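To start, the structure under review is shown below, and the notes come after it.
Order of the sequence lines fixes the chain letters, A, B, ..., with proteins taken first and strands second; residue numbering starts at 1 for each chain. Remember, predicted model here, so these are calculated numbers, not experimental data.
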Amino acid sequence: MSRAAVADLVERYLNDEAFRTAFARDPEAAVAAEGFELDGEELAALHSTVSAHDDQPLKPRVSKYSFGS
Amino acid sequence: MTSTPSFAAPILAHVWQFRSFSPATLDALAANATRETGARGDVVIREGESGIDAYVVIDGRLEVQIAGKSGALPIAVLGAGDLFGEVAIVAGAERRTASVVALTPVTLLRLDGAAFAKAIDDDHARPELEAAAERMAVGRFIKSATLLGEISPAAVARLSERVRIRHAAAGEIVIRQGDPGDECYLIRHGELEVIGASGDAERQLAKLRTGMLFGEAALLTGAPRNATVRVTTDAELLVLRRDDVLAAMATEGALAGHLVALMQARSRPRRKPGVELHDRTSTDGTTIWTLKDPARGTYFRLSREGVFVWNHLDGAHTLRDITMDLFLEYKTLVPDVVMDVVRHLAREEFIELERLDTTAPLRSRRRRFVDGLFRTMEYTFSLNGCDRFFNALYLSVGRFVFTRTGIILTLALAAGGFAAFLAMAQRSAGMLLHAATVARVGLVMIPLILSAIILHELGHGVAAKAAGAHVDRVGFGWFWFRVILFVDTSDAWLATREQRMLVDAGGLLVNLVLAGAAGYVALLVPSLTVAAVAWVFALWSYVAVLRNLNPLLEYDGYYLLMDALERPNLRGKSLGWIATGLWPALRSGAGLRGHRFELLYALGVLVYIGAISAWTLFIYHYTAQGWVARIVPARDVPYVGRLFAVAVGSLALFRLGNDIWTERARVSSNSSGII
């Protein structure tokens, strides 16, 4: 894998607000529009599904009893 | 078009760029000037076209625009007395470098290009005009090629006037780690590298190119430079002073957001000391990781990738490092996910990250207002440090009850009591027809109900101890306009699904046992009054159990449903999906596949809250009338009552809207916001 191309892409993502917005809409289109040349494996990595979108703070569990209940 | 040389001379005399021109030169310019008018929307000069004539605005407003990727970008607004079009002459450009469009009907003085060129050379005004043209070019660059592009033309103009241009040769150090810093830099040309030093070791943290900004962290936080920046190919930099940037941020909200997001994207976050990482295996065999901050009693769910990010937040890895390492480890290229995980962890204060102090007062004022509103709906008074009490209670009673055998026996007892309750229904109803009995029953029901509520909460706490969780907080307060008692069982987030469900059901189990016992009393005790009290108490308990099983508000039934489905934050996520996912799903044709439950649950909540709000409006309308009747004139009582009811109903809907909005912000975050 050409780590350099991926590194450039990541660098761009972290530094360029407009690229971040485009990437959020369509990662592959954003990468192609900016001329990053990724090989097949890197493109597949771009499409890989991750479960981290569900990472979240857990709300307090407060077992409560209402006097109106 | 009208030739008006005599009219033009006094106008030209007030153009500041011409202040060094002699009267003879001004007369010569005026002799070759023509007066023109234009309508709103007229393009006076167009970027890319040839032309050397200049213009002075006599009346009206115009906008200077340059072409951007997604349309015209405004970089300046012109008014009476302003000069434009001179760049082509001063800089010797053959093509217009910007367009000028009339924002209102305009009156202009058109200056012949050749006469203008002669005038500035005759009166040695070229250096001053060249400086003005350079400022325009800087403004154009700021607007078109940097992250400052969204700021207003006025702010661009101010920054353009204030920037200093610095040329730096390859190898030159622009900023040095550890030095104080009150300037940041926009790269107009050239390339640089960011180097982090730790002891004697140096490491390249990032590469910087044309259009990028650097040096913002020290400028925004007041901390020393956190890295060194060295020129790798000869560079031209625009130097922005701290005061100028902060002044621009004060009026340009987007600029503040962009700068802070940039600073945080480049940061090297560090895990907060004391935060624990726990893991457990879910029912489907996957591992679930949960962070716990014991000091604050807060929890955070992490995925496989989230744990990877967490383990790399050591104060040395940048987000770039982590994204690259994640790519190499799991062959997944997700800078957005890495940024989101870090952002959420920072927002929930599980990691330490550079923050912009100047935004804090604004945010906290807004937050305080919303929190104040919500306190009228939900507020608690807590007693902390209760774990030892619950531990003792568990060891003395709970450890016998919260076993498989204990639960089966308890349920059997409760079932028998329910049968007794049913058997006594007809007789008890008959007893309750006597007014004297009703009065006596009412008198003893209050302490009985209060005791049952306390025992209900103790049931949750002891069940939590059975699950190995800490129970550090109990208290009372109000929730959606009702007085509540509560016990905080948040530590059960670390328990298995079955253990959590037992914690959720612990209070209900107590109510069922109490109701069953009351049923036996009603059946076996000969006293009619005692039997009536016991039966009514059992009835109240069964109704309370049913109401607590309502999953649409955050009572026991909600937690049971959430845990049974292994869907943490079910309510917020469902409402959030309605707000962010429903319309795109319908529009894209993807339909509701995989989201039917969220839709059903969210609709259930919305309908329920709507109905409750309507009912509240109705009830409070009359209740409030009773309250205000003593203090307002009789004729105003209905209006004040309605007003009060509307306020209460509005609060309920506002709270629901805030829940949706909060989750929407979380779900739709695109990694560009401030942490």
Side-chain angles (χ1 to χ4, degrees), chain A, chain B residues 147 206-207 212 258 261-262 265-266 290 297-306 319-320 323-324 327 331-337 339-341 344 348 453 456-457 460 479 482-490 492-493 503-504 507 544 547-548 554-556 559 568-569 572 666 670-672:
Chain A
M1 280 192 185
S2 61
R3 185 174 169 153
V6 175
D8 285 349
L9 188 156
V10 174
E11 197 83 66
R12 181 67 173 275
Y13 183 90
L14 294 174
N15 285 284
D16 188 335
E17 175 91 23
F19 182 63
R20 279 205 292 274
T21 306
F23 191 92
R25 275 199 298 269
D26 184 346
E28 191 173 358
V31 167
E34 295 299 326
F36 293 108
E37 294 182 356
L38 303 183
D39 61 26
E41 203 170 358
E42 290 162 352
L43 281 173
L46 203 60
H47 289 295
S48 61
T49 305
V50 294
S51 49
H53 291 296
D54 287 331
D55 288 5
Q56 60 191 300
L58 297 170
K59 288 185 72 176
R61 300 172 67 95
V62 180
S63 302
K64 54 183 105 45
Y65 201 114
S66 156
F67 280 80
S69 293
Chain B
L147 87 168
K207 290 186 286 187
M212 289 183 175
H258 293 335
L262 179 67
R266 290 170 169 173
T290 305
T298 52
Y299 300 81
F300 197 102
R301 174 68 49 85
L302 288 174
S303 62
R304 181 187 71 162
E305 294 83 4
L319 270 56
R320 182 188 76 152
T323 308
M324 291 301 298
F327 167 64
K331 302 293 178 283
T332 179
L333 183 50
V334 283
D336 51 338
V337 168
M339 203 164 176
D340 271 354
V341 170
H344 285 134
E348 300 302 322
I453 291 173
H456 173 101
E457 294 309 325
H460 283 301
F479 178 69
R482 288 175 175 176
V483 176
I484 56 163
L485 291 183
F486 72 87
V487 55
D488 188 338
T489 56
S490 297
W493 279 121
V503 173
D504 304 333
R547 293 181 67 169
N548 252 307
E554 291 177 19
Y555 288 116
D556 296 341
Y559 289 111
N569 301 346
R666 194 192 74 78
N670 61 2
S671 306
S672 60

Check the side chains of His460(B) and Asp504(B) for a donor-acceptor pair under 3.5 angstrom, ignoring hydrogens and angles.
no
What residue in Asp488(B), Leu319(B), Asn569(B) has the most heavy-atom pairs under 4.5 Å with chain A?
Asn569(B)
With a 4.5 angstrom heavy-atom cut-off, which part of Thr298(B) approaches chain A: side chain, backbone, both or neither?
neither
Could you report the tightest heavy-atom contact between Ser63(A) and Thr489(B), atom names first, then the distance?
OG-OG1, 3.5 Å
Could you check which of Arg320(B), Arg301(B), Glu554(B), Lys207(B) has the highest count of heavy-atom pairs closer than 4.5 Å to chain A?
Arg301(B)
Can the ring centres of Tyr13(A) and Phe36(A) be said to be less than 6.0 Å apart?
no
Assess the pair Tyr65(A) and Phe486(B): is the distance between their ring centroids shorter than 6.0 Å?
no
